[in-house]
Amino acid sequence: MSDGDLHPLCNSRDLADGGLAVPFDVVHAGQTCRAFAVRFRGEVHAYLNRCSHVAMEMDWQPNRFFDDSGQWLLCSTHGAAYDPATGACRGGPCRGGLVPVPLVEREGVVYWQAQYPFAPLAF
């Protein structure tokens, strides 16, 4: 992995365990998609913001994906529940899991990694 493949996303302190997500945009398989990063049990994770049940954005309020317990990522539309550590479906009308976006955390900064099928937006 070269550092050229890493794109700064946020400061590590911007992601609190079970707290607000940090949104970002990626190109996934040729399409611009919204993604989000969260922290769960000390680790950072990112996924495309698309429910596996119906390809709709999941947050129930801007950047809010966790349920009240901080243990599950919920889809606001149909209530699908996902494991924050793996993106795996754990309940509700899911068809598979969330699509993970590779993240790296180094020296107080969280980066997302551009690798197939993910690419940065072209301006």
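In this text the structure is predicted, and so the values were computed from the model without any measurement. Note that the numbering runs from 1 along the sequence shown for the chain.
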Qualifying residues under ring-ring contact (aromatic ring centres under 6.0 Å, His included), relative to Tyr82, sequence neighbours excluded: none

Out of curiosity, Arg64 CZ to Phe36 CZ, how far, rounded to the nearest 0.5 Å? 14.0 Å

Checking the side chain of Thr32 only, and the main-chain atoms of Val27 only, is there a donor and an acceptor separated by less than 3.5 Å? no

What pairs with Asp67 under side chain to side chain donor-acceptor pair (under 3.5 Å), at least two apart in sequence or on another chain? Ser69

Which residues pass the salt bridge (Lys or Arg N to Asp or Glu O under 4.0 Å) test with Asp25, not counting sequence neighbours? Arg34

Determine whether Arg39 and Arg13 satisfy the following criterion, side chain to side chain contact (heavy atoms under 4.5 Å, CB included), listing intermediate values before the conclusion. CA-CA 10 Å; Arg39 184 176 301 278; Arg13 68 180 173 269; over 6 Å; no

Decide yes or no for Cys33 and Arg50: does some side-chain heavy atom of the first lie under 4.5 Å from some side-chain heavy atom of the second? yes

Please give me the minimum heavy-atom distance between Ser52 and Gly97, naming the atom from each residue. CB-O, 3.7 Å

To the closest 0.5 Å, what do you measure between CG (Asp83) and CZ (Arg90)? 5.0 Å

Can you name the closest pair of heavy atoms from Ala119 and Ala114 and give their distance? CA-CB, 4.4 Å

Check salt bridge (Lys or Arg N to Asp or Glu O under 4.0 Å) between Asp59 and all other residues, then give those that pass, not counting sequence neighbours. none

Tell me the closest heavy-atom pair linking Glu57 and Thr77, and the distance in Å. O-OG1, 4.4 Å

If you take all heavy atoms of Ala81 and Leu74, which pair is closest and at what distance? CB-CD2, 3.7 Å

Are the side chains of Gln71 and Arg41 in touch, meaning some heavy atoms are under 4.5 Å apart? yes

Once rounded to the nearest 0.5 Å, what's the spacing between atom NE2 of His7 and atom CG of Leu121? 10.0 Å

Quick check: closest heavy atoms across Tyr47 and Pro84, and the distance to 0.1 Å? OH-O, 2.9 Å

Which other residues end up in the same hydrophobic cluster as Val99, if Ile, Leu, Val, Met, Phe, Trp and Tyr are linked when side-chain heavy atoms come under 4.5 Å apart? Leu9, Leu15, Val22, Phe24, Val26, Val44, Leu48, Val101, Leu103, Val110, Trp112, Phe118

Can you check side chain to side chain contact (heavy atoms under 4.5 Å, CB included) on Val38 and Phe66, steps first, answer last? CA-CA 9 Å; Val38 293; Phe66 282 101; 3.8 Å; yes

CZ (Phe65) and CG (Leu98) are apart, to the nearest 0.5 Å, by 9.5 Å

Would you give the length of the straight line joining atom CG of Leu73 to atom NE2 of His45, rounded to the nearest 0.5 angstrom? 9.0 Å

Residues Pro23 and Ala21: closest non-hydrogen pair is CD-O, 3.7 Å

Partners meeting salt bridge (Lys or Arg N to Asp or Glu O under 4.0 Å) with Glu43 (sequence neighbours left out): none

Heavy atoms, side chains only, cut-off 4.5 Å: are Ser76 and Met58 in contact? no

